[in-house]
Each structure stands twice: as structure tokens, then as C-alpha cells.
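As C-alpha cells, the structure follows; a few thoughts come after it.
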Number of protein chains: 2
Amino acid sequence: MPDAPEPTEQDPDDADEDALRAADGRVPGRRGRATRQRLLDQTAEMLGSSTFRDLKVVDIARAAGTSPATFYQYFPEVESAILVLAEEMAAEIPALCDLIYAGPWKGKGAYATSEALVQGLMDFWERNRAVLRVVDLATEEGDHRFRKIRARLLTPLTQALADSIRAQSGAAKPGDVDPMATAGVLVAMLANVAAHRYGFEFWGIRTDDTLRAMTRIVYSAMTGQKPPAA
Amino acid sequence: MPDAPEPTEQDPDDADEDALRAADGRVPGRRGRATRQRLLDQTAEMLGSSTFRDLKVVDIARAAGTSPATFYQYFPEVESAILVLAEEMAAEIPALCDLIYAGPWKGKGAYATSEALVQGLMDFWERNRAVLRVVDLATEEGDHRFRKIRARLLTPLTQALADSIRAQSGAAKPGDVDPMATAGVLVAMLANVAAHRYGFEFWGIRTDDTLRAMTRIVYSAMTGQKPPAA
DNA sequence: CCTAGCCCTGACGGTTCGTCAGCAGCAGGC
DNA sequence: GCCTGCTGCTGACGAACCGTCAGGGCTAGG
């Protein structure tokens, strides 16, 4: 799911260096960066065992063997730390896009491609469950920075799918649907199912079946063909 | 370890009445119920113009012409008030289910049914955007009460779709996908697109195209047929 | 041993939250 | 009118958390 536009604001007077800065404007040295990293690690750690809203700066800081004030020296607030984690996560997206661009979308191979895509996306979501939950949460709450990250995750995937649709159907026939619309809807489906996978199991649906259902839908939407019988 | 002694849910001595109670256990009279309703209305009102997390009890109370302490007399916390609103919203679900059960899922009419379902669900989401946002939010944060409400919204729809799939394909062929899985995936898609409809427009996708893309996917998944060309 | 500068923190003001004791208004009995 | 009892309301308070800041400790270099 896409996101709203964004008045890009950067501090005008920090065009000098892209080095990371502490709260007081100093460039952290070796020791400082180590502390920062420890704080990041602890943030990720605690995100897995606690709710976003229950995540207190004091807990992170103490777990990292330091004090709240130190945390604020490296991050203006908890969200900023999580943003860094999200940024790292976003680096995994190109691999998924490659999957989309590479795999065949014509003929029999398309089903395997769909399968790989579905599996890849579910794995990605599972791997980054904690951070993604916060991204969803903060986006829903209207946080622009997280909305931006969310777009950075979903837009490339949607673009890749749309490109594949376009490449696949020789010439657009009249009455065809906008490929971006189809792609966007597919990504929305994949993302939401991945996020609520647990809920499906509660309904007694086997994960296997969920994956198969999605694979068939992706296949149909991408190729316009009926999915293979078995 | 005789673990959780199960927090006694209900005060033992209030099995007498299911009438609503104020915080002190008294049954509110005419005037009290009016105040309660005013608080509910204001909660709904402010939910539309503010973020869930920015929703302060004091604001609601003052806007309703009363004090925070009064709010707490009728609701243990803000969430509880919103839960009541969500409960009311859930009453609209059966109508959507009827749509699913009624409309034909065989032959040419199936496309119209898909269209009506997509449109109906998008309308529902639009109408209840504010409350649904909170439901998603709180669910993601792990609030059990909201998760329950969410299930109360999605389960009937999923069940209805699954029933329609089953009724539609005479006998289950081997290799078929669990109808509940397909239905669940479809509902997840619809819900997520509805929730982020605004984002699609940002990508330059026309709402019309989004609806059409979803309609075609629903049609395919429900009937197993290729959607009509034009 | 001393200085300089990075790094850290105790302690504090500001804010929000939820509670509680107690006041206000309004019957009804006498 | 006056007392009584009940419903409805609230000012004020303690507790919790947030983010800041002045100042102290640690390390490197002389």
C-alpha cells in the first residue's frame, strides 16, 4: 500500500556531512558508536518481546547497560531507533524484486514464480515481524517517516509486478485493468496476509492452504489464465 | 504450577442484571445514560479529527461538557468507549453477508456479485474509517478485546465466501484449495485495500481501476473462471 | 600528573493519567 | 420548610513517564 506525498524536509544546514551526529551535534567516536549500536540491538531485542507502546526508553537503556539520557543523545525518540532498523530491513527488498523480474511469467513456469514470490514475501515478513508491526502501526497513526519507509518497501514490489504484467501481455487490450492497480492489490493482499498469518491459523486454516490460495490468485492476476488444476 | 488463577471476570454479585453499570457499580439513571451517550458521540466525533493516540480523555470530556472524572465513571479507559462504537459498527456486517449469500456465484451474474461485494465493502470501510483504524491499530498492539471485534467483523464475511465457494463447486476435486483459505485471503485483500485506499490514489491509480482489479480477482478466485474480457 | 574533550548520568520540570473524597441537585417523607 | 437518601459530577492529588541539562567520570595525549 502506497502512501501520501510528503513535503520533503531536510535540515538545510546539514548538507555538510552525512556522518551521523549525536544530539549535541558532535560526531560520535569509536566508543559512542558502539553504545549507539548496543542501543539499536537492544531496541530490536525488546521489540520482539514487548509491544511497541510498552517499549520504554528507560528499559532499552538499562538493558543496554546505560541510562535514558544516553539514549536521547543518539536518537531523538524511540521511533527514530526503530526507523534505523526499518531502514536496514528495506535493504532486503531488491532481492524480492529480482525474483519478480527474473522468474518467467509466461507459460507453465509462471506458477512456480508465483509460488516463489509468495513464499519469499512470507519469509521476509516473518523474519522482520517485529519491525514491520511497528511500521504498520506508526503508519496507521499518521507518522510520516514510517509511511515513507512503508512506501519504500511496497512501491518497488508493486512496480516490479506492474512491469511484469505489462511485459507479459503484448499489447494492452481495450478494457484492460491498469497493471499498477492489479499489482497494488496483490501486494496489499500479500502484505496483509503475511501480517495476520497467525489469525489464519486460528481459523484452522493450514498455512499450506493459505500459501496455495495466494499463489493461485497471484498466478491468475498476473497471467490472466486459470491456475493449473492440481 | 497452578498458574493464572483466572482473573475473576465478573463481580460475583452482579449476576443479577446485565444492565450497564457505572464505575462504582450503580445502575445509571436517565440523566447518567444521557451523559454516557454524549461521551460516546464526542468520542466518535473526535476520532475523526484526531489520531487515536492523541485522543485524550480530558478533551473528550470537555467537549462533551463534562469532566475527565465523569468519563471514567462510565468507561474504564478510552478504548472501552471505542469498543462500544465498534460493537455498533459490527451490526452492519450481516447485510454484507447477505449480499454474498444472495448474489449468484455461477454464470455471468457472478461478476456483478463480485462487483457489488467489492463496492459494499469499500463503502463500509469508508463509512467507518475512524473506528476501523483504531480496531486495526489496537489489534496490532495486541489488545485482545479489539482482536475479538476484528474477528467478529471478518469471520462472518470469510465464512460466507467459503460457503459460497463450496456451494458453487459441485464436488471438491482433489488438489482443490481449502475454501476457507481462499476466502480468508480475499477478505484480507479487500480489508487492506479498503484501509489504504487513499494510498492507491497517491500512486496515481484511479479508484475505478482499483475496484475493477479487485472485482476481477474476487471473480476468479470464487468461480475459478477467467474474468470477462471487457 | 594535568588538560581537553568525548561520553555518560542523576536529577529535575512538565505533562498525562486515573482515583477519591466530597459537593450539587433533586426527589420524597414528614 | 427541612431532613434524608440517592444519583451525578468534579477539583485536586499522587503516580508514572518523558525529555533535558548541568555537571561528573573516563580516556588520550603531553
Side-chain angles (χ1 to χ4, degrees), chain A residues 17 19-43 46-47 50-84 134 138 141 143 145, chain B residues 7 11 14 16-17 19-43 46-47 50-84 134 138 141 143 145:
Chain A
E17 297 283 355
L20 54 88
R21 298 296 180 93
D24 53 8
R26 293 184 301 191
V27 178
R30 201 163 284 277
R31 193 166 160 225
R33 273 172 302 175
T35 304
R36 195 187 104 108
Q37 189 56 47
R38 233 179 323 131
L39 286 168
L40 275 179
D41 293 345
Q42 273 306 321
T43 303
M46 307 203 69
L47 219 48
S50 160
T51 316
F52 173 45
R53 284 294 157 192
D54 294 336
L55 198 64
K56 307 297 178 197
V57 169
V58 58
D59 295 331
I60 300 175
R62 291 304 175 201
T66 178
S67 79
T70 300
F71 185 96
Y72 287 109
Q73 185 151 22
Y74 295 105
F75 309 101
E77 72 271 292
V78 208
E79 281 88 348
S80 298
I82 303 178
L83 270 173
V84 174
V134 178
E141 276 191 45
D143 190 309
R145 302 161 303 173
Chain B
D11 211 15
D14 95 344
D16 49 354
E17 298 284 357
L20 52 90
R21 297 297 179 93
D24 53 9
R26 293 184 298 193
V27 178
R30 200 162 285 275
R31 193 167 159 222
R33 273 171 302 177
T35 303
R36 195 187 104 109
Q37 189 56 49
R38 232 179 324 132
L39 287 169
L40 275 178
D41 293 345
Q42 274 306 321
T43 303
M46 307 203 70
L47 219 49
S50 160
T51 317
F52 173 45
R53 283 295 157 194
D54 293 336
L55 198 64
K56 307 297 179 198
V57 169
V58 59
D59 295 331
I60 300 174
R62 290 305 175 202
T66 179
S67 79
T70 299
F71 185 95
Y72 287 108
Q73 183 152 22
Y74 296 105
F75 309 100
E77 72 271 292
V78 207
E79 281 88 347
S80 298
I82 302 178
L83 271 173
V84 174
V134 178
E141 277 191 45
D143 190 309
R145 303 162 303 174

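Just so we're on the same page: letters track the sequence lines, and every chain starts at 1.
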Find the distance [X]:[atom1] to [N]:[atom2] and express it as a whole number of Å.
| X | N | atom1 | atom2 | answer |
| --- | --- | --- | --- | --- |
| B:Arg36 | D:dC9 | CZ | P | 13 Å |
| A:Glu79 | D:dG19 | CD | C1' | 13 Å |
| B:Ile60 | C:dT16 | CD1 | P | 14 Å |
| B:Leu39 | D:dC9 | CG | P | 9 Å |
| A:Arg38 | C:dC8 | CZ | C1' | 11 Å |
| B:Tyr72 | D:dA12 | OH | P | 18 Å |
| A:Gln73 | D:dG23 | CD | C1' | 13 Å |

Name the closest nucleotide to the [X] side chain, picking from [options].
| X | options | result |
| --- | --- | --- |
| A:Ala69 | D:dC9, C:dC8, C:dG10 | C:dG10 |
| A:Arg31 | C:dC7, C:dG18, D:dC18 | C:dC7 |
| A:Thr35 | C:dT9, D:dC9, C:dC7 | C:dC7 |
| B:Lys56 | C:dC17, D:dG11, D:dC9 | C:dC17 |
| B:Tyr74 | D:dT10, D:dG8, C:dC8 | D:dG8 |
| B:Arg62 | D:dG11, D:dT10, C:dT9 | D:dG11 |
| A:Ser67 | D:dC9, C:dT9, D:dC17 | C:dT9 |

Would you please say whether a donor-acceptor pair under 3.5 Å links the side chains of B:Gln73 and B:Thr70?
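There is no such pair between these side chains.
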
Closest contact, heavy atoms only, A:Ala81 versus A:Leu40
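Distance-wise, the nearest heavy atoms are O-CD2, 3.5 Å.
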
State plainly whether the residues B:Glu77 and B:Arg145 are in salt-bridge range, i.e. N to O under 4.0 Å.
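Salt bridge between B:Glu77 and B:Arg145, a charged N being under 4.0 Å from a carboxylate O: yes.
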
